[in-house]
There are 2 protein chains.
Amino acid sequence: MNQISLSGLPLGAPLYQEVKRKIMESLRNGEWKPGEIVPSEKRLGERFGVSIGTVRKAVDELAAENILIRHQGRGTFVASHTHDRYVFGFFHIVGQDGHKEYPKVELQAFASIKADSDMAQRLGIRAGSKLFRLTNQLSIAGKPLIVDDIHLPERNFPHLTADVVRTRPGTLYQLYQDNFAIAVLRTEERLRACLADERLASLLDVEVGAPLLHIVRLALTFNDLAVELRHSYVNTTHHEYFAEEHQ
Amino acid sequence: MNQISLSGLPLGAPLYQEVKRKIMESLRNGEWKPGEIVPSEKRLGERFGVSIGTVRKAVDELAAENILIRHQGRGTFVASHTHDRYVFGFFHIVGQDGHKEYPKVELQAFASIKADSDMAQRLGIRAGSKLFRLTNQLSIAGKPLIVDDIHLPERNFPHLTADVVRTRPGTLYQLYQDNFAIAVLRTEERLRACLADERLASLLDVEVGAPLLHIVRLALTFNDLAVELRHSYVNTTHHEYFAEEHQ
DNA sequence: CAGTGGTCTAGACCACATT
DNA sequence: ATGTGGTCTAGACCACTGT
């Protein structure tokens, strides 16, 4: 059994891992905010007392995880959620020709509910905790394509209202970032096939019993803390979910 | 417009990219075969006339793409398809508890057909070209879970027979690698929901009209050449498709 | 023990972006 | 002109593996 230090890293872990951890700590603390520039590699090296090469290795990994973004000649920046970034990184539905087009979003319902045991387990909270539940209808060319049922622990999103959601300028993940200082860093998705019930059939303009792609997405922030649980129901008649495996 | 050299790399490309290209060329040529060790970083540096640091950067990328595998103290090896590796890298179906178990495979049909325009386009061959078509039934605990319809261009798999497929020791990708020197390097998957027709209902032991997850997988080798086109139909009643997005 | 990959350093030079 | 990240080098030392 390996010993584990207070930082969560094994004792005698590589220096660059320690540097990476410290950078993430500063990001989590908000020392450098989304969209802002971080100190140059030279300055980071001085701050942590390591060589530039070691800083580079730490930043390499953070850049590979899309937490930092490098721009040659300009500097290194904290990744920020934008519409384009969401479409590129999190939105996996493409047209039959492989073309990606982001749908128009319309909020259908906003409510406060209590977490059942499944939701609570996935979100890592107690069953019965209060959640916001949002239902979005996403359409392309006026035709409904996706229904999203989104669940957010209320304690992480104080004073959220339907109006705030409806009048947000960008994606929901931008709202989490800008209004609640929550950065979605990665997602886990579980996919199944299901049949449209009456509600989904009505929202998606399909027959009851039509086949739908059901995606359960868990969005996570620092330390793998769950931010959002989302059930998406997709009409895959003219669209599909795309995934690539670099082996 | 950037100039492109004969190697496909932009003129003035980084040295390590050139080294990476040369290593991949040797892999494609079979100079180093799957499972074999490649020369040490020191020797590669001497061979290509670059420093070890530059070799490391090239090997770093190849290791990140799972084309090479490093073992500290032992050396660097050419990735080889094994059962475990297939399950870890290409098989995305998990039980409801997240547990991955690889099913028992049974060949149901083996035929020679002609590519229709859709298959031909996806495989990058001419419509009407001859294909092998294999149908596999995959079961867990005696219960059918997946049906695979697999299409292989005949010219890449000379003398393939049902018997060879049935008596192979490992996965199909191992067969491609060991008997035909074809290395599957990455896959693209497109997912939709569909309804079971009579054939699928019978093979999967579900009702006609039951919802199924339909996965179209394209397997690719060097230079993004298509190797295999696979249609998988999954009964997601007790299993699901898992995908992770590192943002 | 010798050989391998993994880490870390220090410095030179390049390509790029901004001032 | 200055500062940034990107590349490349050379070498030291460490951790691990097999003989």
Side-chain angles (χ1 to χ4, degrees), chain A residues 1-5 7 9-23 26-27 32 35-80, chain B residues 1-5 7 9-23 26-27 32 35-80:
Chain A
M1 189 81 181
N2 280 336
Q3 297 240 19
I4 302 289
S5 73
S7 70
L9 260 50
L11 292 177
L15 239 189
Y16 76 89
Q17 289 285 0
E18 189 63 21
V19 171
K20 181 182 174 188
R21 195 193 57 73
K22 284 176 177 166
I23 293 175
S26 290
L27 292 170
W32 311 308
E36 289 180 3
I37 193 169
V38 305
S40 74
E41 300 181 342
K42 183 163 168 290
R43 284 191 186 284
L44 287 174
E46 289 161 359
R47 164 159 168 178
F48 298 125
V50 301
S51 77
I52 290 185
T54 301
V55 170
R56 279 192 69 79
K57 187 137 190 189
V59 174
D60 277 348
E61 292 201 354
L62 290 165
E65 295 168 32
N66 295 311
I67 292 174
L68 295 180
I69 299 177
R70 294 201 219 248
H71 288 291
Q72 187 175 72
R74 292 207 281 141
T76 301
F77 298 78
V78 183
S80 173
Chain B
M1 190 84 179
N2 280 336
Q3 297 240 20
I4 303 288
S5 74
S7 70
L9 259 51
L11 291 177
L15 239 189
Y16 76 88
Q17 289 286 358
E18 188 65 18
V19 171
K20 180 182 174 188
R21 195 192 57 74
K22 284 176 177 166
I23 293 174
S26 290
L27 292 170
W32 311 308
E36 289 180 3
I37 193 168
V38 304
S40 73
E41 300 181 341
K42 183 163 168 291
R43 285 190 185 285
L44 287 174
E46 290 162 358
R47 165 160 167 178
F48 298 124
V50 302
S51 77
I52 290 185
T54 302
V55 170
R56 279 193 68 78
K57 185 135 191 192
V59 174
D60 277 348
E61 291 200 355
L62 290 165
E65 294 167 32
N66 295 312
I67 291 173
L68 295 180
I69 299 177
R70 295 201 219 247
H71 288 292
Q72 185 174 63
R74 291 206 282 141
T76 301
F77 298 78
V78 184
S80 173

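In what follows, chains are A, B, ... by sequence order, proteins preceding strands, each numbered from 1. Computed from a predicted model, the values in this text were never measured in an experiment. As a basis for the values below, the full set of heavy atoms in this structure was taken, side chains included, without hydrogen atoms, waters or symmetry mates.
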Subject >> Exercise: identify the closest heavy-atom pair between A:Ala79 and A:Asn66 >> reply: CB-O, 3.3 Å
**OP:** Measure the distance from NZ on A:Lys42 to P on C:dG11 and round it to the nearest whole Å.
**Re:** 12 Å
Subject >> Phosphate OP1/OP2 of D:dG5: any A:Thr76 side-chain N/O under 4.0 Å >> reply: yes
Original post:
Who pairs with B:Leu27 by side-chain contact (heavy atoms from CB on, under 4.5 Å), at least two apart in sequence or on another chain?
Top reply: B:Ile23, B:Trp32, B:Ile67, B:Leu68, B:Val78, B:Phe222
**OP:** Could you state the atom-to-atom distance from CD1 of A:Ile37 to P of D:dG3 in whole Å?
**Re:** 14 Å
Subject >> Residues forming a side-chain contact (heavy atoms from CB on, under 4.5 Å) with A:Ser80, sequence neighbours excluded >> reply: A:Pro34, A:Gln177
Please write out each protein N/O paired with an N/O of nucleotides 6-10 of chain C under 3.5 Å, distance rounded to 0.1 Å.
from: C:dG6; atom 1: OP2; to: B:Arg56; atom 2: NH1; distance (Å): 3.2
from: C:dG6; atom 1: OP2; to: B:Arg56; atom 2: NH2; distance (Å): 3.1
from: C:dG6; atom 1: OP2; to: B:Arg70; atom 2: NE; distance (Å): 3.0
from: C:dG6; atom 1: OP2; to: B:Arg70; atom 2: NH1; distance (Å): 3.3
from: C:dG6; atom 1: O4'; to: B:Gln72; atom 2: NE2; distance (Å): 2.8
from: C:dT7; atom 1: OP1; to: A:Tyr16; atom 2: OH; distance (Å): 3.1
from: C:dT7; atom 1: OP2; to: A:Lys57; atom 2: NZ; distance (Å): 2.7
from: C:dC8; atom 1: OP1; to: A:Leu15; atom 2: N; distance (Å): 2.2
from: C:dC8; atom 1: OP2; to: A:Leu15; atom 2: N; distance (Å): 3.2
from: C:dC8; atom 1: OP2; to: A:Tyr16; atom 2: N; distance (Å): 3.1
from: C:dT9; atom 1: OP2; to: A:Ser51; atom 2: N; distance (Å): 2.9
from: C:dT9; atom 1: OP2; to: A:Ser51; atom 2: OG; distance (Å): 3.0
from: C:dT9; atom 1: OP2; to: A:Thr54; atom 2: OG1; distance (Å): 2.3

Subject >> side-chain hydrogen bond (donor to acceptor under 3.5 Å, both in side chains) involving B:Arg70 - partner list, sequence neighbours excluded >> reply: B:Glu41, B:Asp60
**OP:** Give every residue pair that meets the salt bridge (Lys or Arg N to Asp or Glu O under 4.0 Å) criterion with at least one member in residues 44-54 of chain A, sequence neighbours excluded.
**Re:** A:Glu31-A:Arg47, A:Lys42-A:Glu46
**OP:** List for me each residue that meets side-chain hydrogen bond (donor to acceptor under 3.5 Å, both in side chains) alongside B:Glu61, sequence neighbours excluded, and say none if there are none.
**Re:** B:Lys20
Subject >> Gap between atoms CZ and C1', on B:Arg43 and C:dG5 respectively (whole Å) >> reply: 15 Å
